[in-house]
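Each chain gets a letter, A, B and so on, in the order its sequence line appears, and its residues count up from 1. Not measured: the values here are computed from a predicted model.
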Protein chains: 2
Amino acid sequence: MASVKVTSQDVARRAGVSQPTVSRVFTPGVKVSSAMEAKVRRAAEELGYRPNTLARSLITGQSMTIGLIVAYFDNPFYVEALEKLSRALKDKGYNIMIFMAANHAGDVDQVVQDLLDHQVDGIILASVSTSSDLTARLNEEGVPLILFNRGHSDKSLSAVTSANRAGGAKVAEFLLAGGHERMAHISGWQGASTGRDRCDGFVSALQAKGKEPLAVVDGLFSREAAAAATRSFFSAAETPDAIFVGNDHTAFAVLEVLRGELGLDVGQDVSVIGYDDVAMSAWPSFDLTTVRQPANRMVDAVVAQLIAQIEGRATEPRQIEIDGPLIVRGSARKPEGWVE
Amino acid sequence: MASVKVTSQDVARRAGVSQPTVSRVFTPGVKVSSAMEAKVRRAAEELGYRPNTLARSLITGQSMTIGLIVAYFDNPFYVEALEKLSRALKDKGYNIMIFMAANHAGDVDQVVQDLLDHQVDGIILASVSTSSDLTARLNEEGVPLILFNRGHSDKSLSAVTSANRAGGAKVAEFLLAGGHERMAHISGWQGASTGRDRCDGFVSALQAKGKEPLAVVDGLFSREAAAAATRSFFSAAETPDAIFVGNDHTAFAVLEVLRGELGLDVGQDVSVIGYDDVAMSAWPSFDLTTVRQPANRMVDAVVAQLIAQIEGRATEPRQIEIDGPLIVRGSARKPEGWVE
DNA sequence: GTGAAAGCGCTAACAA
DNA sequence: TTGTTAGCGCTTTCAC
């Protein structure tokens with residue numbers, strides 16, 4: 001019940017050594033004679049001593065904590081990323097302080113301040129953006145920030161994304177090769193670089209082959225918006241024979257409208273392609289052709305770059321793009337003679 | 001670039017006051033004359049000062065941080081809970097340090113130690129359990145721990161669950177009222193109280209009406225295990241006309257096997273009922289009848305109880321059960337004359 | 001390699 | 001109310 005905090009001082013007394021010696025034993029990479037080490041470890045064991053990381057951080061200026069800011073977890077891609085990030089950072093000795101923030105700069109800035117107050121060593125922004133004011137402040141304080149799955153025009157920010165333009169282009173080429181004629185796009189939110197880049201890549205690749213998309217609608221990364229867009233496509237005179245959707249999570253809503261409300265045979269009457277390759281896309285219920293965002297490699301890149309900046313090995317911010325393959329499943333008609 | 005840390009000392013000099021006066025201005029509920037306050041605030045503003053919460057925590061013994069340990073996010077129920085927990089705790093002024101842990105006591109204990117080293121004020125365990133050794137140690141250190149969605153035989157631990165036995169019973173009664181004859185159960189993992197209680201409630205309620213379940217298999221909260229169990233049910237001589245599954249996430253796998261591989265009309269040929277009522281259960285692809293776990297109320301209860309224990313208002317641990325309704329959708333045959 | 005002394009940035013106890 | 005003094009638990013000089 002009563003909080004029995006054991007300090008290095010207590011251990012020192014019991015082991016008959018000085019307090020800094022105790023500290024040295026618990027600081028990796030500091031030399032202590034094995035005799036001392038043994039005495040101290042035994043005393044510590046007996047008392048149940050563990051170093052107070054707060055006190056340590058106060059001195060070293062390193063909290064070994066990374067702040068993670070996420071807007072929402074509706075999209076399972078971010079859930080998968082969180083899981084991987086958590087494990088990857090833990091492996092490197094870092095802990096995660098997590099915050100949910102509304103996706104507008106004001107709220108994000110507020111949360112970043114909170115994190116700075118906690119002396120985090122670095123910050124990861126997943127699916128949100130921040131103001132340039134704050135970026136400047138972060139630079140001043142020497143706390144690196146990195147964007148996950150978002151690009152940014154400010155090249156003083158590090159960012160890791162997949163190759164979204166290239167991904168959009170792959171979709172266009174696959175659909176063209178499959179003989180599709182009327183390709184619509186329900187884009188990701190145009191306020192986000194991912195939404196814009198996938199869209200640009202797709203449209204540009206079509207145009208490069210002398211084709212125009214049948215329609216392009218901003219699906220806002222929202223199931224409801226995507227479902228509404230799908231209905232509107234099929235109440236028009238000319239209906240699409242393929243729909244490229246800005247991410248898997250919203251593509252599922254599109255599939256449901258097509259199969260359920262419209263009674264279409266997806267993959268036959270109409271092709272659907274998503275983006276992300278979240279685990280659910282492989283479920284039989286969806287069987288979605290999609291562009292994979294390699295979450296593992298993206299996470300590894302984020303962690304490596306962030307830690308490099310924290311440790312001063314990388315002073316320059318980097319924008320890293322990771323390429324991902326098109327994963328072909330049943331939701332889209334395959335080109336003739338298609339081989340895996 | 002260079003880390004320009006502004007301390008209360010800097011602010012004090014600039015404002016021409018003592019350092020503790022600066023501290024007082026930034027400590028809520030401490031009296032300062034408005035003249036002082038104004039001077040200090042202006043100086044702080046000009047220098048961009050913000051208090052260092054680490055230093056504060058070192059003295060007060062309160063980190064205003066809660067440790068959250070989660071085993072996995074495959075089940076979206078935990079994702080929803082994390083999102084709500086994060087926002088609820090933030091509202092109360094607490095931050096979350098999150099860890100993923102493998103679901104065996106050794107790893108969990110390790111992570112709990114980590115959290116204690118960081119002087120967290122309380123710990124939430126979601127979907128994992130801990131050893132009694134550690135429980136004792138936590139009591140000693142005065143750090144409250146609470147289980148989310150797991151019960152525990154040790155009544156010195158607080159826990160928040162839904163009324164799992166009652167929920168299982170509701171399912172049995174609904175299926176019986178619907179005239180089902182051969183009811184199978186793919187239970188949640190029997191190593192977890194939630195899995196056991198739902199199972200017990202279901203079976204007991206059947207037996208109370210003089211019925212026995214056709215079959216009960218441990219689905220381990222795993223999609224693969226649940227799918228395998230489903231296949232085995234339908235390769236037996238007597239096949240079920242209803243399957244109660246331990247949670248929604250695994251029920252989706254059951255639905256897919258029934259509809260896809262077995263070509264059955266779910267809701268007509270066979271009824272399926274899940275547990276949780278995650279958002280996806282309402283999607284047209286699944287349309288799953290399920291027992292709702294009221295995540296909002298469960299989260300509110302966890303936060304209230306944990307904070308009460310932290311602040312010393314509640315010295316007694318509590319086991320809280322929250323009741324949830326059966327949500328009737330298309331995956332199960334309804335009793336005659338059923339009204340919502 | 002070890003101990004003594006200093007101090008991270010802050011709050012708490014005490015005078016003034 | 002405000003300033004002075006002390007000290008949270010630890011790491012980091014600096015002598016020895």
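Between B:S33 and A:T7, the one whose closest nucleotide on DNA chain D sits nearer the 5' end is B:S33. Nearer to the 5' terminus of DNA chain C, by closest-nucleotide assignment, is the contact made by B:R50 (compared with the other of B:R24 and B:R50).
Heavy atoms of A:V32 sit under 4.0 angstrom from primed sugar atoms or phosphate atoms, though from no base atom. Within 4.0 Å of A:S57, counting heavy atoms only, lies no atom of the nucleic acid at all.
Comparing atom distances between the A:S8 side chain and each of C:dT2, D:dC10, D:dG9 picks out D:dC10 as nearest. Distance from the side chain of A:M36 is smallest for C:dT2 among the nucleotides D:dG9, C:dT2, D:dT2. Of the candidates C:dG9, C:dT2, D:dC10, the closest approach to any side-chain atom of B:N52 belongs to C:dG9. Considering only side-chain atoms of A:Q19, the nucleotide from C:dT11, D:dT11, C:dG1 that sits closest is D:dT11. The side chain of B:I59 approaches C:dC10 more closely than any other nucleotide in the set C:dC10, C:dG3, D:dT11.
Note on B:T21: every side-chain N or O is 4.0 Å or more away from OP1 and OP2 of D:dT2.
Between A:D10 and A:R13 there is a salt bridge, with a side-chain nitrogen of the basic residue lying less than 4.0 Å from a carboxylate oxygen of the acidic one. One finds no salt bridge joining A:R41 and A:E45 here, because no Lys/Arg side-chain nitrogen approaches an Asp/Glu carboxylate oxygen to under 4.0 Å.
A tilted orientation is assigned to the rings of A:Y78 and A:Y72, their planes being inclined by 30° to 60°.
Checked against the 6.0 Å centroid threshold, A:F73 and B:F73 do not count as a close aromatic pair.
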